[in-house]
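Working notes for the structure below.
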Amino acid sequence: MTNKNFYSKRSAILFVVLAIVFSALLDLAICITKNESLIGILMWMPALAAFIAAFVAVKDRGEKASFRNIMNTLSFRKAKFKYLLWGCLIPLLYLMIPYVIFWLVFPDSLVMEEGLIFTLVQSLILLPVGTAVSMLTAIGEEIGWRGFEVPSLIENWGLKKTLVFSSGLWCLWHFPILLGTSYMEGTPVAYKLIAFTITIFPIGIICGLLTYISKSIWPAALIHAAHNNYDQQIFGPITVSASKMYYVSETGVITMVCAWTIAVLLYVYVKKHAKEVC
């Protein structure tokens, strides 16, 4: 993915430590003040850690800590159009399919009077704008998790260990918000933590794989922004049901199946084409 020794071990470790510390401080502030508007700032804590770690990585390579070198270390590179397209479409698959199934099985859960077809058409028209707005916060996380963490760990650990560790850490990073705010309110805590992990873990794998094969931050950033937009701004608000958390969104069984299926298929694809991106 990058030249050998592009990321020093100490920069990789430094990122993980700083990301945890910076995020923990914001988590504490959010939980104490109950000011959930701080979540937008929290999402930029991985980026802050990544910029510091990238500076260290550049210096360890013996290079000048220029803007260009730091941004290159954070994977700000051009990506092929097909990977950018995948970044927009993959979340649509693992989110819209479960919602449509849920609406068909529980038609009263769809609050749009115009009907299913009109709702889908209207939603698809709104997707690009909402995703662009969502990118303002999603990119903060992705600069850290996939822009720096994934490529630095792949160099030091290899692909498999990196996908497991980075996806697991990403899941755990959300736990304070799941426990201390109104996020996914009404979902039983034990179920919420377990189901969220099972659902989000494969999405972390998908983001990591796209970063690996594209050599760029942008496909994963699009997945993250599109995911938040599709679920929180498009499909979620028009779905009203006391049981929807068990079937759709970030804790739904149908979403789990769709996300894991895509993750496995993408992993097979990446391994098959690995030589092309090494």
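Keep in mind that the numbers below use all heavy atoms, side chains included, and drop hydrogens, waters and symmetry copies. Fair warning: this is a prediction, and the values are worked out from it, not measured in the lab.
- Here the closest non-hydrogen pair linking A79 and S214 is CB-CB, 4.3 Å.
- For the residue pair E141 and W44, no side-chain donor N or O sits within less than 3.5 Å of a side-chain acceptor on the partner.
- Under 3.5 Å, the side chains of S11 and S8 contain a donor-acceptor pair of N or O atoms.
- Scanning both residues, F102 and S241, for their nearest heavy atoms gives CZ-OG, 3.6 Å.
- Using a 30° and 60° split on the angle between ring planes, W86 and Y83 fall in the perpendicular class, above 60°.
- The nearest pair of heavy atoms linking L14 to A53 is CD2-CA, 4.2 Å.
- Within the structure, salt bridge (charged side-chain N to carboxylate O under 4.0 Å, His left out) contacts touching residues 53-66 (residues at least two apart or in different chains) are R10-D60, R61-E63.
- P202 meets the side chain to side chain contact (heavy atoms under 4.5 Å, CB included) test with A259, W260, A263; sequence neighbours excluded.
- With hydrogens and angles left out, the side-chain atoms of Y183 and H174 include no donor and acceptor closer than 3.5 Å.
- Side-chain contacts under 4.5 Å among hydrophobic residues (ILVMFWY), followed directly or transitively, place I32 together with L28.
- Side-chain contact check for W103 and T239: at least one donor-acceptor pair (N or O, by modelled atom type) lies under 3.5 Å.
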Tell me, with the steps shown, if Y246 and T251 meet side chain to side chain contact (heavy atoms under 4.5 Å, CB included).
CA-CA 6 Å; Y246 299 111; T251 55; over 6 Å; no
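- Taking both residues in full, the closest heavy atoms of I223 and I206 are given as CD1-CG2, 3.6 Å, listed atom of the first, atom of the second, then distance.
- In summary, the side chains of S182 and E36 do present a donor paired with an acceptor at a separation below 3.5 Å, with no hydrogens or angles considered.
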